[in-house]
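Notes to accompany the following structure.
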Amino acid sequence: MDDIKLLKLLRKDPNRGIEFIMDEYAGLVYAVVRGRLVGNQFVSTDIEDCVAETFSEFYISLDSFDPKRSSIRSYLCVLARNNAIDLLRRRAKDSMTLSIDADDSFIQVEDDFDIESELTERELVREIFCAIKDLGEPDASIIIRKYYFGESSAKISSALNMTVSNVDTRAHRALNKLKKLFGGEMK
């Protein structure tokens, strides 16, 4: 069904129209929302709520939707992305807010915790990743795949269309460059 017919259906029979849109686009909207929220400690109910909110918002803003400017598919994707980003922002804001009165908001920090060393460590990690990026391709990919993701040289060679010995040689040379850059001993 094209967008014009679907809009007519939504205005004539909202229940059937929404049901049709959800059947048609729920998987796509779910994928967009999940793509934004995965890795940010959200549970599936958060994703499902965000998807439901997207369809609800679409129906509420139906009068402002202009089929000449975009398709329903594109419009739903934009709504889904924006709703996921809004949820991320709300969660970030909530996690930054502490209530002095709430017992459950008490943060325990270990006695030996040193914020300065924690910040120094984060800065060092940032510098290392920048240095790896500066190695250029394919060396940066090799180092990240091998030492960050723990992939084998065989798997890396297959993914990068190189020989295993070439991957190992480039990894060794790249590590030596990084050691030299960070003041380590050369072997």
Side-chain angles (χ1 to χ4, degrees), residues 1-11 13-109 113 115 118-134 136-137 140-141 143-145 147-151 159:
M1 182 179 301
D2 70 357
D3 287 355
I4 302 298
K5 289 179 183 175
L6 190 51
L7 289 172
K8 287 179 183 177
L9 177 63
L10 277 166
R11 289 187 175 96
D13 188 356
N15 288 337
R16 244 182 72 210
I18 284 292
E19 186 178 319
F20 184 84
I21 284 181
M22 289 181 77
D23 285 344
E24 188 73 21
Y25 298 112
L28 175 67
V29 170
Y30 186 89
V32 170
V33 170
R34 187 174 184 275
R36 289 285 175 177
L37 299 182
V38 158
N40 289 300
Q41 299 173 346
F42 287 94
V43 292
S44 61
T45 54
D46 293 325
I47 296 171
E48 291 166 6
D49 290 346
C50 198
V51 168
E53 183 180 332
T54 299
F55 286 108
S56 174
E57 190 174 325
F58 173 74
Y59 183 72
I60 290 168
S61 65
L62 193 58
D63 292 332
S64 64
F65 173 73
D66 183 2
K68 294 175 188 165
R69 291 183 64 204
S70 73
S71 66
I72 291 175
R73 176 187 173 96
S74 299
Y75 191 72
L76 284 169
C77 286
V78 170
L79 285 176
R81 182 198 66 199
N82 291 344
N83 285 335
I85 290 170
D86 288 345
L87 180 58
L88 283 169
R89 287 182 183 145
R90 281 193 305 270
R91 288 288 169 88
K93 183 180 176 187
D94 290 346
S95 69
M96 298 300 282
T97 305
L98 283 177
S99 169
I100 295 174
D101 299 328
D103 291 335
D104 60 344
S105 68
F106 181 71
I107 298 174
Q108 292 183 341
V109 178
F113 180 77
I115 194 160
E118 180 73 22
L119 291 174
T120 303
E121 185 178 322
R122 285 186 184 182
E123 184 59 34
L124 179 60
V125 168
R126 204 172 294 123
E127 284 181 39
I128 291 170
F129 273 104
C130 285
I132 291 171
K133 183 179 171 187
D134 289 343
E137 290 299 331
S141 292
I143 294 296
I144 293 205
R145 285 172 173 261
Y147 298 103
Y148 188 75
F149 293 116
E151 290 183 9

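No hydrogens, no waters, no symmetry mates; every other heavy atom, side chains included, goes into these values. Remember, predicted model here, so these are calculated numbers, not experimental data. Positions are given from 1, in the same order as the sequence printed here.
- Applying the salt bridge (charged side-chain N to carboxylate O under 4.0 Å, His left out) criterion to Asp49, with sequence neighbours excluded, gives no partner residue.
- Around atom CZ of Arg73, no more than 12 heavy atoms belonging to other residues, nucleotides or ligands sit under 6.0 Å away.
- The salt bridge (charged side-chain N to carboxylate O under 4.0 Å, His left out) check on Glu151 picks up Arg145, with sequence neighbours excluded.
- For Arg16, the side chain to side chain contact (heavy atoms under 4.5 Å, CB included) test picks out Leu9, Asp13, with sequence neighbours left out.
- Under the side chain to side chain contact (heavy atoms under 4.5 Å, CB included) criterion, Leu10 pairs with Leu7, Ile18, Ile21, Phe58, Tyr59, Leu62, not counting sequence neighbours.
- Among residues two or more places apart in sequence or in another chain, the side chain to side chain contact (heavy atoms under 4.5 Å, CB included) test is passed with Ile60 by Ser56.
- Considering all non-hydrogen atoms of both residues, Gly17 and Leu6 come closest at O-CD1, 4.3 Å.
- Counting all heavy atoms, side chain and backbone alike, Cys50 lies closest to Ala84 at SG-N, 3.5 Å.
- Heavy-atom minimum distance, Thr54 versus Leu76: CG2-O, 3.8 Å.
- With sequence neighbours left out, the side chain to side chain donor-acceptor pair (under 3.5 Å) criterion links Ser70 to no other residue.
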Would you check, one step at a time, whether the test side chain to side chain contact (heavy atoms under 4.5 Å, CB included) holds for Leu87 with Asn83? CA-CA 6 Å; Leu87 180 58; Asn83 285 335; over 6 Å; no
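- Going from atom CD1 of Ile72 over to atom SG of Cys77 covers 12.0 Å, rounded to the nearest 0.5 Å.
- Side chains of Lys133 and Ile144 form no contact here, defined as non-hydrogen atoms less than 4.5 Å apart.
- No side-chain N or O of Asp3 forms a donor-acceptor pair with one of Ser71 less than 3.5 Å apart.
- Between Tyr75 and Ser61, the shortest heavy-atom distance links the atoms OH-OG, 3.3 Å.
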